[in-house]
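What follows is a single structure, written as structure tokens, with notes after it.
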Number of protein chains: 2
Amino acid sequence: MDNQQSEQLLQRKGLKKTKLRHALIQHFIKTQHAQSYADIKQALMEATDKSTLYRNLTAFEHAGLIHSINDYSGVTKYAFGEAPIQGNEHAHFVCECCETVYCMDGLAPLQLDIPKGFRAKRVQTIIRGICADC
Amino acid sequence: MDNQQSEQLLQRKGLKKTKLRHALIQHFIKTQHAQSYADIKQALMEATDKSTLYRNLTAFEHAGLIHSINDYSGVTKYAFGEAPIQGNEHAHFVCECCETVYCMDGLAPLQLDIPKGFRAKRVQTIIRGICADC
DNA sequence: AATTTAAATGCAACACGGTTGCATTTGTAA
DNA sequence: TTACAAATGCAACCGTGTTGCATTTAAATT
């Protein structure tokens, strides 16, 4: 049982160490791809309370441990890592086949030609297609 | 009462003419911006059944009368006009202040550099910022 | 105009994501 | 060990969206 990594992370972010939080972090590290509430719930076999889980997800996001993603599905998903900062936004790729959501760094930014009067602050791009595994 | 436009549209799409459908089309023509279920419900003062409204929205979308938009809010919104066709996708601008969703045509397309193995089919871009009215 | 038929409606019930209030438990610092 | 704030568990709730079914209605047929 390798709690060291999660232990460190929680400590560094000033978050109390609890069983669920350790499990959550391990899960995010292990899975790589964006996770919905349902995904997580299913993965953590131990009966986990819904509100507690949601509260931890928002706490983690607030602490910069994970970031939330809004794909077409209508449900929020979460992925490990800091939220993309201004000017360094990354795109998300949603596989139409397996529904996996990938974070894609290093894509060329969008060339925007916004009408006058409009001020763009954040750009989120979602790419739908078929992933390398399908 | 100018039903002519909606009359024509429904006829052309092979949809039966009902009170609600006329009202819906008028509403979409009048409002310009993307409408959520709640927006529409509120606008059509007459007590409208939820499932009927949703069924009509999907029918309209299927017929190409309106298209659906998925912004960050988690709720689907609908806007008048055909869905953007392949290669001609338009971006959506969400105002952080008034939450209005604008369809933005004629923006320069995204320059994509997708990792090998991945095949992109649809790209949706959502721009958050402050609109001209705010 | 009366009849027929398929589609549209209204209603109730449901599934699911997500939130909130509150009592109880637990981590941690003193 | 104690004390306090934060985390948990539970129940109840809200909003979006869907489904099944009986009833009504638009529109094609006679």
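Throughout, a chain's letter reflects where its sequence line sits, starting with A, and its residues are numbered from 1. Just so we're clear, the structure is a prediction, and the values are computed from it rather than from any experiment.
- Here the P atom of nucleotide C:dA15 and the NZ atom of B:K50 are 14 Å apart, to the nearest Å.
- The main-chain N or O of A:E96 is never found under 3.5 Å from a side-chain atom of A:R128 such that the two would form a donor-acceptor pair.
- At whole-Å resolution of the value, CD in A:Q35 and C1' in C:dG17 are 16 Å apart.
- For the pair B:T76 and D:dG17, the criterion of a side-chain N or O lying under 4.0 Å from OP1 or OP2 is met.
- Here D:dT16 presents its P atom at 10 Å from NZ of B:K41, a figure rounded to the nearest Å.
- Checked against a 6.0 Å centroid threshold, the rings of B:F28 and B:Y78 do not count as neighbours.
- Ranked by how close their nearest DNA chain D nucleotide is to the 5' end, B:K17 and A:T52 are led by A:T52.
- Within residues 54-63 of chain A, the residues having any heavy atom closer than 4.0 Å to DNA chain C are, in order of number, A:Y54, A:R55.
- Across the protein-nucleic acid pair, A:L53 atom CG and C:dC16 atom C1' stand 15 Å apart, rounded to whole Å.
- Rounded to whole Å, atom C1' of C:dG18 lies 13 Å from atom CD1 of A:I40.
- Within 6.0 Å of NZ in A:K13 there are more than 12 heavy atoms belonging to other residues, nucleotides or ligands.
- The interatomic distance linking A:D49 (CG) with C:dT26 (C1') rounds to 15 Å, in whole Å.
- A distance-only check finds no donor-acceptor pair linking the side chain of B:K77 to the backbone of B:A34 [under 3.5 Å].
- Looking at B:T52, its side chain never comes within 3.5 Å of a backbone N or O of B:T48 through a donor-acceptor pair.
- For B:E7, the CD atom sits in a packed shell: over 12 heavy atoms of surrounding residues, nucleotides or ligands are nearer than 6.0 Å.
- Inspection of the B:H27 and B:Q35 side chains reveals an N or O donor paired with an N or O acceptor under 3.5 Å.
- Remark: P of D:dA28 and CG of B:L15 are 13 Å apart, rounded to the nearest angstrom.
- Put simply, B:S51 has no side-chain N or O that comes within less than 4.0 Å of OP1 or OP2 on D:dG17.
- A heavy atom lying under 4.0 Å from DNA chain D marks none of the residues of residues 95-103 of chain B.
- Under the 3.5 Å distance criterion, the side-chain polar atoms of A:E61 are matched with a main-chain donor or acceptor of A:S68.
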- prompt: Which is it for B:Y102 and B:H33 under the ring pair (Phe, Tyr, Trp, His ring centres under 6.0 Å) test, yes or no, and what are the steps along the way?
  reply: CA-CA 6 Å; B:Y102 300 83; B:H33 305 312; 4.5 Å; yes

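- With rounding to whole Å, B:K16 atom NZ is found 15 Å from D:dT24 atom P.
- Nearest-nucleotide positions on DNA chain D for B:Y78 and B:T18 put B:Y78 closer to the 5' end.
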